[in-house]
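Inspection log for the structure reproduced underneath, given as structure tokens.
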Amino acid sequence: MLSRPKPGESEVDLLHFQSQFLAAGAAPAVQLVKKGSRKSGDATQDQSPLQDHRDVVKLNDLPDLPPALVPAPPKRARPSLGCPLPEDEDPEEKLNRHDQHITAVLTKIIERDTSSVTVNLPVPSGVAFPAVFHRSQENRGKLVTSGKRSIFAQEIAARRVSESRVLSAEEVVPNLDPPEGAVTCETPTPRDHILGNSHSFQGPHLITGKGLRGQEAQQEAQTIHKENVARLQAMDPEEILQEQQRLLAQLDPSLVAFLRSHSRTHEQKGEKATKEQRPGEPSVPVTKEEPIKSASPSEPTKEDKLEPGVPAQTLPVTPHKEWLHMDSVELEKLHWTQDLPPLRRQQTQERMQARFSLQGELLPPDVDLPTHLGLHHHGEEAERAGYSLQELFHLTRSRVSQQRTLALHVLSQVISRAQAGEFGEQLVGSVLQLLLDAGFLFLLRFSLDDRVDGVIAAAVRALRALLVAPGDEELLDSTFSWYHGASVFPLMPSRKDKEDEGEDEEPPGEKAKKKMPEEEHRPPPDLARYDVIKGLLATNLLPRLRYVLEVTCPGPTVVLDIMAVLIRLARHSLESATRVLECPRLVETIVREFLPTCWAPIGGGPTPSLHKVPCAAAMKLLRVLASAGRNIAARLLNSFDLRSHLCRFIAEAPQELPLPPEEAETLCTEAFRLWAVAASYGHGSELYRELYPVLMRASQAVPMELSNHPLQPLSMQRIASLLTLLTQLTLAASNTCNESTSDPGVYLSAPTSSVTWTQVSGLQPLVEPCLKQALKLLPRPEMWSALGPVPTACLLFLNAYYQTWSQQPSLCPEDWLQDMERLLEELLLPLLSQPPLSRLWDSLRHCSPLCNPLSCTPAPEALSSLVSLRCIRGCPPVSLAGSASPFPFLTALLSLFNTLARIHKGICGQLAAVLAAPGLQNYFLQCVAPGTAPPLTPFSAWALRHEYHLQYLVLSLAQKVAAFQPVLTTNTALLHAMALALLSRLLPGSEYLAQELLLSCVFRLEFLPEYASGGPEAADFSDQLSLGSSGDHQCGRGALLVQACQDLPSIRSCYLTHCSPARASLLASQALHRGDLQQVSTLLLPVPKETLLPTDWPFLPLIQLYHQASDTPSGVPPVDTLGTAMRVLQWVLVLESWRPEALWTVPPAARLARLMCVFLVDSELFREIPVQRLVAALLARLCQPQVLPSLNLDCPLPGLTSFPDLYASFLEHFEAVSFGDHLFGALVLLPLQRRFSVTLRLALFGEHVGALRALGLPLSQLPVSLECYTGPPEDNLALLQLYFRTLVTGALRPHWCPVLYAVAVAHVNSFIFSQDPKSSDEVKAVQRSMLQRTWLLADECLRQHLLHYKLPSSSLPEGFELYSQLPPLRQQHLQRMASGVLQNGVSET
């Protein structure tokens, strides 16, 4: 007996039990009984208990794929007892036969078979979303084919056509059952006319079986088609028409239109096929046995192919079959062998694409060049010669290295010519900006990673052409020996990023900490958009350049280009210079490979390689790196053993070095400059002992070299660099003395200089002969220009020499004083009396960038993201940096004069002759005259800094001279005006000069000669308007000026407190200008974003008080508000009275806004009597007839976002704290003049009507004429209604506000009596209503004023004259209005 399954047994055990049960054939314990219908009463009980065919589960033979989806057989309905169905009839078929509704066709749905459908992934594109596909595009793509197809594309197209023909034939054949042979056409019957001529019943048009399996699709479509045909054949024509109308009524019209268009398409295809047959030939259907001829893929067509050997008339050479790859000829690809099409002449002014030659020259669009030049190609506009930028970009990605090299070469030539300004206005836009926007920067970076040396060389050349502007390095090298010429601005963009806006008040350290993480994570393209250098450094450019130098060993040109690029990167900023220094093995490779101490002699020919040969560019790179910071210079000297290299190249004369002469001179010059830069920080002074004999020998040879003619420019640069080195070593000796007398804790971090005064005291006898020899060439301008910076360097050395000598405490002062007198008598006084020196003073105006703003115009290709010093005119001889410039020599001469005057007070009178030079006075007059200032560009900042040095030294000398003897009045006033102008123009890096000007010239009584020459009395006499008591002389402007001059020390203290620069910047600038080498941290100046002080710096303390009052809680005034406000107002009054040109850059509207800040600072400040008098005097100056027309409140004002907003807050403050103060009211009334914006008047009469009661300023104290308020007539309807409402309601009364009462009466009277025919209906209605209400006024006085107003008059109590009797026209107009009022009143009663 079989056991039952137990718990825990698996499925395998169950299957085993099942197999045993079936093998035994035993009876089952449970019998399945199927019950029949209850009505039939018979049950199938005679079924066998066990059948042989049972379903057995077999896990091993299960298929991997599920079975195909096949429609289930139709179910047959179970018949009832009363109505048995015939055995051969299906109830479902009967139901479908009798169902006439449209949904009957939707009852049988077969799922679409997608097993054979190919799935195509979307094609990747460069846009965010794929393009939307339209059916119209598919049809258009099928109809329109491109005229240029390759052989491969033609073969594929022919194969697709043949496959489509085979497929169409296979679809047509199963639908036909024709006899063997041809089938003739039958005569159409009326039924055919009803069904349509196109209805041939040859196959379905709409149903294709698409979506089903192959054979099933054709069978199902054919079955449906046969059913449709059989049903149509069984119907009468009337029934067909009736069913057609019924279907059209039930179907959607859009669906009907689609079906008709589909049928019409098939008809057109059939007609086209019929027309293609020969005339008279009957249509023969294609049977399945009939073969189908298809075009072979290799068979050429007549349109696209040409058989080899067949002569072609359009080709210059007939191709033959025997030629290689000429078995299939493509005419389109042989078109390049034909002659070029004729050059099209441009008939219009339409812009054309720029094309360039292989040398980067811009080719005219109509130039016709021969083809042998290689400028014609097979791109667009083949008839035009040259390459466009787009085509050059395409060539840079070519697989052929020669093409990549050529493209990069041409692009570098284009960039060089663009930076040189050769294109001018011939091109629209900037070529450099266009290239950068197109990704040219990163294209060069990718090209540097190329494996071909030629491509790398071309990429490096293009990178140099892009980064290094022509003339920048020559300019900076030639001015290295100028007064502070080694200090330069970093060549980095001053434009702030969007993230930095609003962060100006943050300290630079915190701002750098915030920016550093952001810049590290920003991608290079975003960095390059604002700063090209930062974007390049983010692409690991430095390691790649190191690899090129160290591994590939390029040629000399590539090495020089890389050095130029590295120099440009080092000049960018301290951060960039640090990255160059810290790049692994970069500086080490440069020192090892290009600054060796031993090398093989070089012949006279070109050098094949610069490796293991000294290179001057490498020495210059180290010098530029050292200029970036003290720590970098120390690391270069200590980590790379530069001391031995400097000794090697300085110990030997340039003529003795085994190098080409020019390279030897330049190498020696750069070695001197590198040592001078290191000495600027106090480094490298130990080399002085080792090279002392060399320096002495070189200094002794200088006079002899200066006497040789012609003078060599490279030799002059070397001599000037030598003198600059001696200057820095001499200053190092003065710092040695300062270290012993100063606080020892200050210099803990700085190295101790080993140069002493004893070691440098013997240099003066060597330098003075050089200066004397140079001054002999001053009368000869051409020889003087050839000297270059040598005379300047000599004067600067003498300046440092006497400065250091005077700081030696162990020496007798009488020695250096006597030596100064000797120098003055032997050298300087004869120089001052020479006419050539006067010629130099006269040429200041012609070479000044301040007097010639156009000389600083930026070049057309200047980029904000790539800073350079190039300007549109370069550096002509007559310019600040030109060869004929007097600025370097005169600046050095003035520096020496200042040092002598500071040390020896007795020679100040003899040096004062410099200040009386006519050329200098004319130059200062032009500098202080009103004019357009040069734009602040990198070149203008560099040039103006050197010009400001000269101006400051003149003022400093004048201050020293004025302390011992009086200066002429005219000269003193001019010098003071120059000091005020210079103070507002100084750039970052000159903080020490600004501080010295505030301490000396600006607030010195000696520079205000008007105080002692009757200036206050003249001011009282010239005043025509006074808001105070005219009888008290202490209230006049003269008394205020006298008091201001007496308070100049307090005024100076106030401005030193509020206008002094930051302490860190001040100390850095002070160390640089004083020569405190141990305190100099870098020779890079701050980025010149703007001037140190704003143009309205006299109001700066007052503006700071206003901001402090706005930020502090209410009721807590800033500290010493009264004293600060008084000092500012006193100084502004002095400038307004005696130096009006100092405030020309501040518009009168801005000055008025600053005066309003006095009342907004504190609620009690304006009540102080001194403040009242000063504000009244300044307001009177603003209301002068010559100043008032320039008062424009509608234009943007510097430092003010919106004047209406300031005026609204001013009205609120007046309404709250004024208590009817007349001066406060005068300032409120001044912006309400008719010519100013109506917004200001609406603010008073609409939002601050309560302030009218406090505006009790009498008409006699009004600072401007009353006609400024009453004319022309007001045309703003809203304001006129406000005028009328305040008058009628009593808010505006003559004893409360006499000025505005007269103004309102004048404008309302002009409006109600105006009879302008162009007025709108709304204006006429308001005018009629206002006149009627005036006629009905109960206030007889106001009615009389509004109706009988005549003219404004400040002398009358009311402020205007009245008509004794109205003019006839007004009387008639008033009678018409009055009659209308009476009629309306009668009709209403």
Side-chain angles (χ1 to χ4, degrees), residues 148 316 332-444 446-447 450 452 454-455 457-467 469-470 557 561 859-861 863:
K148 297 182 178 181
E332 296 177 353
K333 292 190 175 180
L334 292 177
H335 285 172
W336 65 274
T337 61
Q338 302 176 4
D339 293 336
L340 289 174
L343 187 64
R344 293 176 297 175
R345 301 295 178 181
Q346 186 179 5
Q347 302 296 334
T348 62
Q349 297 296 328
E350 184 181 357
R351 298 174 180 175
M352 301 185 68
Q353 193 174 26
R355 293 189 173 274
F356 303 91
S357 67
L358 298 181
Q359 288 75 33
E361 301 171 345
L362 180 63
L363 299 178
D366 55 349
V367 64
D368 191 5
L369 298 177
T371 57
H372 70 271
L373 297 178
L375 298 178
H376 296 80
H377 48 86
H378 317 306
E380 298 179 357
E381 300 177 337
E383 67 278 3
R384 290 187 58 194
Y387 290 84
S388 64
L389 295 179
Q390 182 179 0
E391 293 165 351
L392 291 173
F393 265 68
H394 182 71
L395 282 180
T396 56
R397 298 185 296 271
S398 173
R399 293 186 178 181
V400 183
S401 61
Q402 291 85 350
Q403 291 184 347
R404 299 198 301 271
T405 305
L406 177 64
L408 292 173
H409 170 73
V410 176
L411 287 173
S412 65
Q413 295 290 332
V414 170
I415 293 173
S416 300
R417 294 182 182 275
Q419 289 188 345
E422 292 188 9
F423 299 146
E425 299 180 356
Q426 302 179 26
L427 298 180
V428 178
S430 171
V431 175
L432 297 184
Q433 189 63 53
L434 180 64
L435 290 174
L436 292 179
D437 294 342
F440 178 66
L441 189 68
F442 302 100
L443 176 65
L444 293 180
F446 300 151
S447 299
D450 204 295
V452 182
V455 178
V460 171
R461 172 52 62 94
L463 189 62
R464 175 180 181 174
L466 177 64
L467 299 182
T557 305
D561 292 341
E861 293 292 341
L863 302 177

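All residue numbers refer to positions in the sequence shown, counting from 1.
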When rounded to the nearest 0.5 Å, the distance separating CD of Q402 from CG of L395 is 12.0 Å

Applying side-chain hydrogen bond (donor to acceptor under 3.5 Å, both in side chains) to Q390 and not counting sequence neighbours gives none

So the side chain to side chain donor-acceptor pair (under 3.5 Å) pairs with at least one residue in residues 392-401 (sequence neighbours excluded) are S398-Q403

Heavy-atom closest pair (F393 atom, A438 atom, distance to 0.1 Å) is CE2-O, 3.9 Å

Here the pair of heavy atoms bringing L373 nearest to L358 is O-CD1, 4.2 Å

With sequence neighbours left out, the residues meeting salt bridge (charged side-chain N to carboxylate O under 4.0 Å, His left out) with E391 are R355

Sequence neighbours excluded, the answer for side-chain hydrogen bond (donor to acceptor under 3.5 Å, both in side chains) partners of Q413 is none

Query raised in the report: Given side chains that start at C-beta, do those of L363 and L369 come closer than 4.5 Å, heavy atoms only?
Result: yes

- Check: R384 side chain, Q353 main-chain N or O, donor-acceptor pair, under 3.5 Å: yes

In short, I415 meets A465 closest at the heavy-atom pair CG2-O, 3.3 Å

Interatomic distance, OG@S416 vs CD@E422, rounded to 0.5 Å, equals 9.0 Å

Of all heavy-atom pairs linking S357 and L375, the shortest is CA-CD2, 4.0 Å

The complete set of ring pair (Phe, Tyr, Trp, His ring centres under 6.0 Å) pairs with one or both residues in residues 405-433, sequence neighbours excluded, reads F356-F423

Checklist entry - Under 3.5 Å, side chain of R417 to main-chain N/O of Q359, donor-acceptor pair present? => result yes

query = Counting distance only, does the side-chain N/O of E861 pair as donor-acceptor with the main-chain N or O of L432 below 3.5 Å?
reply = yes

Heavy-atom nearest pair, V431 first then A418, reads CB-CB, 4.3 Å

Residue set satisfying side-chain hydrogen bond (donor to acceptor under 3.5 Å, both in side chains) with S447, at least two apart, ordered chain then number -> none

Taken to the nearest 0.5 Å, the spacing of L435 CG from L441 CG works out to 10.5 Å

One should read off an interatomic distance between L463 CG and L408 CG, to the nearest 0.5 angstrom, of 11.0 Å

When every non-hydrogen atom of V414 is compared with those of G360, the smallest separation belongs to CG2-CA, 3.8 Å

| request: Would you check if Y387 and V410 make a side-chain contact, meaning some heavy-atom pair closer than 4.5 Å? | output: no

